[in-house]
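A short write-up of the structure that comes next.
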Protein chains: 2
Amino acid sequence: MPTIKDVARRAGVSLGTASRVLSGGGNTSPKARSQVQAAAAELNYIANGPARSLRSTRTNVLGLLVSDIRNPFFSEIAHAAEREAMRLGYTVLLANANEDETQADEYLRIFASQRIDGLLLAPQGPASPQLESMLKSGLPVVLLNRLVEGLDAPSFATDNSQGVGLVLDWLQTRGHRDVAFVGGPNSISTGAERMAAYRAGRESHGINTDDAFIDAGDFLADGAERAMMRILERGKRPTAVFGANGPTTLGALRALRWVLGASEASRVEVVSFDDLEWFEFVSPAISAVRHDAAAIGTAGVTGLLELIAGQPVASQRISTTFIDRSV
Amino acid sequence: MPTIKDVARRAGVSLGTASRVLSGGGNTSPKARSQVQAAAAELNYIANGPARSLRSTRTNVLGLLVSDIRNPFFSEIAHAAEREAMRLGYTVLLANANEDETQADEYLRIFASQRIDGLLLAPQGPASPQLESMLKSGLPVVLLNRLVEGLDAPSFATDNSQGVGLVLDWLQTRGHRDVAFVGGPNSISTGAERMAAYRAGRESHGINTDDAFIDAGDFLADGAERAMMRILERGKRPTAVFGANGPTTLGALRALRWVLGASEASRVEVVSFDDLEWFEFVSPAISAVRHDAAAIGTAGVTGLLELIAGQPVASQRISTTFIDRSV
DNA sequence: CCGACGACTGGAAACGTTTCCAAATGGGAA
DNA sequence: TTCCCATTTGGAAACGTTTCCAGTCGTCGG
């Protein structure tokens, strides 16, 4: 594999000049530029990233830690973030925490070892010591979608209470009183915020405030299915079900069909925080709060790069829209 | 940030000894080991990856190039691959080609620059010059799910003709004659293979061989929707529709509902190559070929590491199962 | 008791860049 | 012409590791 030395020799310039041309910086004459570029192209030279990173202490790599890439919401974020990063000359190292703190920490160590320039974090639960120490060491970090208590990094997150408000309004106009709410873990800010907003808004929207209609899972389908089962086992028969994220709605739907049977289940209206592409095909169609995952990913990268550049960055709340699929 | 020098000094050994302890190789005394490890822990030392890579010419990073991470099939592959790689001490650099060859090439360059140890490839279409040159330079590569003509790398792929066979059998027992087939691009091996297997099997399974019932999209929902529209515009009224991958089935479903209306559309049975989690909720429920994305991802990583270790690796065809959701 | 061999260690070179510094070159003003 | 300044250049140091090479030390066999 050709090195910059080969390029320099072939271009008839010194190693330093070749470097200045290829890495963009410094003053170079047009003549040197063209010669070096020609030589590089002829040799099919590709700079050695590790060497470059070692010397310059910048890697042009961003770390992205999500809880589960299989959740469409996160894959959308990842996709948008990667695209934006690429556009700005950065690469994204993706890690799946799998809702598991140990694994998240392991990835953080790998990120640290790779000397990433910045970190995009869609964390679960509280800040780990590993994360704390990376923050303290000055690594630029932004939070995506979730907040972390006592971690002062700019965040780019959905406006949960606004979104829940849209659902509450809709429930009211549809005349629902007995509504089941299947939430997420209280340890995750999105879970806590959505739950809190829902509970706070029930009464003013004419919704039964019996807490037996409420249960929480783990934001995954299986856990949500169990949560929905528990509500039904308590003898509650809701006319509407509100799932607090995509996988949760899926799990709730499964439980409904399983316990009540398909025809009975189809008399229950389902509404979801997170809009999935297939909601239109379910009968009755599922209405949903749509939040803009792509916007979160893009804004997160933009913000992180500003942070890296040393500029101050303000947190953003990204507001949602409601997709009403009721007849 | 502490370097290995700091660790060595604190442990009271030479730099060489510290390195031997921390990187596992070489002969070291128990005493040296414990001292160095203690010092490293106290200083919270994390090795500088780029420096390590520069010197050792290994990065412990694998590149994974998929066409679209938002496709659940690929996000499942990515998840499994990442998990397996992590287990074996490797990190995965993920790239989205977006079904766009230019972008794929750009990522390949980035991979080359990062000096990845190996490449997992779920490519679109033919091999690009960039890919060719990387292969020629000796980079270990395995193919996931798709094959590439004239690229002799081991592949780990779904057995498409076996899967299509399952669908054909099912169509026959359900008594369908007028079946619409919505395929994918002919330039992608999966698209071509599924289409070929379907056409070849029609006659023997009592299916109308009129090619007006067949059209192809781009393996994305929008393109498939248009393809299905074209079939319907030709005046064809199938009793069953076969979508050649997940997004394709989604698009076909949209077109059906759009053109025929919901009630009429619900008289058409839909069957899919790729099983999605929501197929059970559609009415009538969608039956599907399920292929094991996780197995592909895991096997791909295992195979790639064998390749890196210089062992011979054999291609695998991974067979599918059929999920029959008809009443 | 001596020699040889093994385990272990310290020191230094090397990996491929970027970046600093000093020197060279050129052009314009006096 | 001479001087000065700005631009460009070559050379060398440095980044943090791994790995090679000699050498030291202790041990064991003869």
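The sequence lines fix the lettering, A, B, ..., with proteins before strands; numbering per chain opens at 1. Every heavy atom of this structure was used, including side-chain atoms; hydrogens, water molecules and symmetry mates were not.
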Exercise. Quick one: does A/Arg115 reach the base of D/dG16 with a side-chain donor-acceptor pair under 3.5 Å?
Worked result: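 No, no donor-acceptor pair under 3.5 Å.
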Starting from [atom2] on [N], measure out to [atom1] on [X] and report it in whole angstrom.
X: A/Ile46; N: C/dT17; atom1: CD1; atom2: P; result: 11 Å
X: B/Arg55; N: C/dC15; atom1: CZ; atom2: P; result: 7 Å
X: B/Ile4; N: D/dT19; atom1: CD1; atom2: C1'; result: 12 Å
X: A/Arg20; N: C/dC21; atom1: CZ; atom2: P; result: 13 Å
X: B/Gln35; N: C/dC8; atom1: CD; atom2: P; result: 14 Å
X: A/Leu15; N: C/dG16; atom1: CG; atom2: P; result: 11 Å
X: A/Asn27; N: C/dC21; atom1: CG; atom2: C1'; result: 15 Å
X: A/Gln114; N: D/dG16; atom1: CD; atom2: P; result: 16 Å

Look at [X] and [N] and indicate whether a side-chain polar atom (N or O) is within less than 4.0 Å of OP1 or OP2.
X: A/Ser56; N: C/dT19; answer: no
X: B/Arg52; N: D/dT18; answer: yes
X: A/Ser19; N: C/dT18; answer: yes
X: A/Thr17; N: D/dG10; answer: yes
X: B/Ser14; N: C/dG10; answer: yes

Problem set entry | Rounded distance [0.5 Å steps], OG1 in B/Thr102 versus OH in B/Tyr107 |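 Nearest 0.5 Å value for the OG1-OH distance: 13.5 Å.
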Problem set entry | Salt-bridge criterion met for B/Arg109 and B/Glu106 (N-O under 4.0 Å) |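 No, this pair does not count.
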Exercise. Taking NZ, NE, NH1 and NH2 as the nitrogens, is one of them in B/Glu193 or B/Arg317 under 4.0 Å from a carboxylate oxygen of the other?
Worked result: yes
For this session: Report the residue (B/Pro30 or A/Lys5) whose heavy-atom-nearest nucleotide on DNA chain C is the more 5′ of the two.
Result: B/Pro30
Checking all strands, does [X] fall into the base, sugar-phosphate, or nothing category for heavy-atom contacts under 4.0 angstrom?
X: A/Asn48; result: sugar-phosphate
X: A/Thr57; result: nothing
X: B/Thr28; result: sugar-phosphate

For this session: Work out which heavy atom in A/Thr57 is nearest to a heavy atom in A/Asp117; give both atom names and the distance.
Result: O-OD1, 4.5 Å
Problem set entry | Matching residue for A/Val142 among A/Leu305, A/Val313, A/Leu307, A/Leu62 - test: side chain to side chain contact (heavy atoms under 4.5 Å, CB included) | A/Leu307
Exercise. Taking the side chain of B/Leu54 as its heavy atoms from C-beta onward, which of D/dG16, C/dG11, C/dC21 lies nearest to it?
Worked result: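 It is D/dG16.
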